[in-house]
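Letters A, B, ... are given to chains in the order of the sequence lines, protein chains preceding strands, and every chain is numbered from 1.
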Number of protein chains: 2
Amino acid sequence: MINVMKKITQNSDAKIYPMPFTRIELVVMSVVNDCLSVLLGKREQAPYAGLWALPGGVVRIDLDANLEASAQRVAQERLAIQMPYLRQQCAVGGVSRDPRAPWAVSIVYRALSRAEEFNPTAGKRLDALRWCPVDEAMADNYLAFDHQQLIAQAVAATRSEIDRLELPFGFLPEQFTLGELQTACEIMLGRRLDKSSFRRRIDERALIEPIEGEMRIGSFRPAQLFCQKAQT
Amino acid sequence: MINVMKKITQNSDAKIYPMPFTRIELVVMSVVNDCLSVLLGKREQAPYAGLWALPGGVVRIDLDANLEASAQRVAQERLAIQMPYLRQQCAVGGVSRDPRAPWAVSIVYRALSRAEEFNPTAGKRLDALRWCPVDEAMADNYLAFDHQQLIAQAVAATRSEIDRLELPFGFLPEQFTLGELQTACEIMLGRRLDKSSFRRRIDERALIEPIEGEMRIGSFRPAQLFCQKAQT
DNA sequence: GTTGTTAGTTGCATCACACCACTAACTATA
DNA sequence: TATAGTTAGTGGTGTGATGCAACTAACAAC
């Protein structure tokens, strides 16, 4: 820390400025039980002890190469998962944002993931974690800090991406049918989509390709299986 | 500073984490001489002394209520202007981002402004400031730090907004004709627009309204003057 | 075989927009 | 006074993306 201050002192103003307490917050979303849900952790300590909050962690300048790496480390430590499709959402910060420090900044990242890939028993510092339907998380005073607002932003940004069909996202399994893909999009958007338009738009964008000969066989007519197209 | 560290120590981990050197950078754009331009300041000190860079400043947790207020203060101090339509663009940060500190974060804000409103002689710490055409700023090694990339991002985001006709922006004067508005949009987008489509789209969105009886009289046929519609 | 359900396709209406052509209003100049 | 030149403003038409609806196909269950 001494070293840090020395460096900062070299700034043109030749003053020492205290720096904000800087954290990462993660908005990890998934479709669970036909509901768009968000991953929440139960707070064990003050402030907001007992309330649910987004998982997050401190930016460690001794460990992380950059902000994205911070977010990946936090995901690994707190959730024990890799987050391949992490997107930076915003930075929020100010006085009285976090009672633990006089001034705090949070860099917020969002991602979609597959709930099935998530193993809530691993990882260090894993207090209670749960998938919470976003509708529930939007209830007043359910969440700590301003996390309700952050989730609302993340949901809006995600819906906008899905509206524009900016696949692929982390929520896609290896293989899937068009019906499954459409249902997942409908749940995330919160509204129904037209089958024929959806299919037309999907293959115009050429983001996925059929797996020749592979079909999903279930109760009714078999469906063609698809996978993500290799990025060009 | 002692106080800050004490507070941070109250964190659950009971450790002192050094925090990143946190700054604000401003990407202020305007149309100058029929060119989309960006406001740059000449660096007087190391690092990158003599090179041009985005104006910016340190986040002052003793002065600023939040990040937006930081950005406003930096704009006031370095540029002596208010920036009514400031939008947060991104946060970038990591090791070796800024030689003045081992780990630095910049919160980047962008805005459009009217060059005419800008008075480059006022303000404290005003080293040389100039409007630089973005094409010029995109030349290799012209700018300090990663500011070339930040400007490219800001231009892209701004163009996307104008594409969607998300007016009003800070670049609009009190009164303007549709022709002037279209020309400004064309310069910012870097391409021509169709007159009739532009007008139809503008009045579908109902963002501006004619000023009854007010016309711009010049060399040719008089043109209706418009102003921004009061926000609802 | 009949029914029910999902898979997958096709045709048509609609809407937003680009492209093009036109009229209107003014100045400048002959 | 007439004509040319320039910008302001409007209207028509084709096209492409999408929503809507109807259709066929393929399977399981009965």
Side-chain angles (χ1 to χ4, degrees), chain A residues 31 33-34 159-167 172-229, chain B residues 31 33-34 159-167 172-229:
Chain A
V31 172
N33 298 329
D34 295 338
R159 286 189 169 154
S160 163
E161 280 186 332
I162 295 178
D163 259 328
R164 295 192 301 268
L165 247 41
E166 285 181 6
L167 313 185
L172 287 174
E174 286 280 314
Q175 303 188 340
F176 50 88
T177 68
L178 289 177
E180 291 161 3
L181 179 59
Q182 182 179 344
T183 301
C185 288
E186 285 173 340
I187 290 170
M188 291 187 284
L189 286 171
R191 63 185 169 85
R192 302 302 305 270
L193 296 172
D194 177 69
K195 183 167 55 166
S196 95
S197 308
F198 183 77
R199 287 164 188 242
R200 242 182 328 208
R201 299 204 312 145
I202 283 285
D203 76 38
E204 271 166 14
R205 280 157 187 77
L207 294 169
I208 64 176
E209 56 187 356
I211 312 170
E212 292 302 332
E214 291 287 310
M215 307 291 278
R216 168 140 308 159
I217 32 186
S219 299
F220 303 105
R221 173 174 171 176
Q224 177 64 55
L225 280 169
F226 289 79
C227 64
Q228 295 183 41
K229 205 170 238 177
Chain B
V31 173
N33 298 329
D34 295 338
R159 286 188 170 156
S160 163
E161 281 186 332
I162 295 178
D163 258 329
R164 297 190 300 268
L165 247 43
E166 286 182 5
L167 312 185
L172 286 175
E174 287 281 314
Q175 302 188 341
F176 50 89
T177 68
L178 288 178
E180 290 161 3
L181 179 59
Q182 183 178 344
T183 301
C185 287
E186 285 173 341
I187 290 170
M188 291 187 284
L189 286 172
R191 64 186 169 85
R192 300 303 303 272
L193 296 172
D194 177 70
K195 184 167 55 166
S196 110
S197 307
F198 183 76
R199 284 162 189 243
R200 236 176 309 131
R201 296 177 57 206
I202 283 284
D203 77 39
E204 270 166 15
R205 280 154 188 80
L207 294 169
I208 66 176
E209 56 188 355
I211 312 169
E212 293 302 331
E214 291 286 310
M215 306 291 278
R216 168 140 308 159
I217 32 187
S219 300
F220 305 105
R221 173 176 171 177
Q224 176 66 55
L225 280 169
F226 289 80
C227 64
Q228 296 183 41
K229 203 171 238 176

- [ ] Could you tell me whether the side chain of E209(A) and the main chain of K229(A) form a donor-acceptor pair under 3.5 Å?
- [x] no

Task: Rounded distance [0.5 Å steps], CD in E186(A) versus CG in D34(A) - done: 11.0 Å

Open item on the list: Closest approach to the side chain of R201(A), judged atom by atom: which nucleotide of dT18(D), dG9(D), dC20(D) is it?
Closed with: dT18(D)

Open item on the list: Just the rounded figure in Å: distance from C1' of dC27(D) to CZ of R216(A).
Closed with: 16 Å

Open item on the list: Side chain of F220(A) only, heavy atoms from C-beta on: which candidate in dT6(D), dC27(D), dA8(D) is closest?
Closed with: dC27(D)

Task: Nucleotide dT7(D), atom P - distance to CG of L178(B) in whole Å - done: 16 Å

Open item on the list: From CG of L193(B) over to P of dG9(D), roughly how many Å is that when rounded to an integer?
Closed with: 17 Å

Open item on the list: I want to confirm an ordering. Mapping E204(A) and A223(B) to their closest nucleotides on DNA chain D, which one lands closer to the 5' end?
Closed with: A223(B)

Task: F226(B) CZ to dG9(D) P, straight-line distance once rounded to whole Å - done: 6 Å

Task: Sub-4.5 Å side-chain heavy-atom contact between Q182(B) and C185(B) - done: no

Open item on the list: Quick check on DNA chain D: between T177(B) and K195(A), whose nearest nucleotide comes earlier from the 5' end?
Closed with: T177(B)

Open item on the list: Using only atom types and a distance under 3.5 Å, with no angle test, would you say the side chain of Q224(B) pairs donor to acceptor with the backbone of I211(B)?
Closed with: yes

TODO: Please tell me which of the listed nucleotides, dG12(D), dA26(D), dA8(D), lies nearest to the side chain of P222(A)?
DONE: dA26(D)

Open item on the list: Quiz question: going by heavy-atom distance under 3.5 Å, is there a donor-acceptor pair between the base of dG11(D) and the side chain of S196(B)?
Closed with: yes

Open item on the list: What contact category does R164(B) fall into here, base, sugar-phosphate, or nothing, at under 4.0 angstrom with non-hydrogen atoms?
Closed with: nothing

Open item on the list: Once rounded to the nearest 0.5 Å, what's the spacing between atom CG of D203(A) and atom CZ of R205(A)?
Closed with: 10.0 Å

- [ ] Please say whether more than 12 non-hydrogen atoms of neighbouring residues, nucleotides or ligands are located less than 6.0 Å from CZ in R192(A).
- [x] no

TODO: Mark yes when over 12 heavy atoms from residues, nucleotides or ligands other than E204(B) sit less than 6.0 Å from its CD; otherwise mark no.
DONE: yes

Task: chain B contact limits on DNA chain C, taken 5' to 3' with a cut-off of 4.0 angstrom to heavy atoms - done: dC17(C) to dT27(C)

Task: Atom-pair distance (CZ on R200(A); P on dG16(D)), nearest Å - done: 14 Å

Open item on the list: For a quick check, tell me whether the side chain of R221(A) and the base of dA26(D) share a donor-acceptor pair closer than 3.5 Å.
Closed with: no

Open item on the list: Quick check: closest heavy atoms across L172(B) and Q228(B), and the distance to 0.1 Å?
Closed with: CB-NE2, 3.6 Å

- [ ] Rounded to the nearest angstrom, tell me the gap between atom CD1 in I217(B) and atom C1' in dA8(D).
- [x] 14 Å

Open item on the list: Considering every strand and a 4.0 Å limit on heavy-atom distances, what is the contact class for S197(B): base, sugar-phosphate, or nothing?
Closed with: base

Task: Rounded distance (Å) that lies between atom C1' of dG14(D) and atom CG of D194(B) - done: 14 Å

- [ ] To the nearest Å, give me how far apart CD1 (I202(B)) and C1' (dT10(D)) are.
- [x] 17 Å

Task: Closest to side chain of R199(B), choosing from dC20(D), dT18(D), dG9(D) - done: dG9(D)

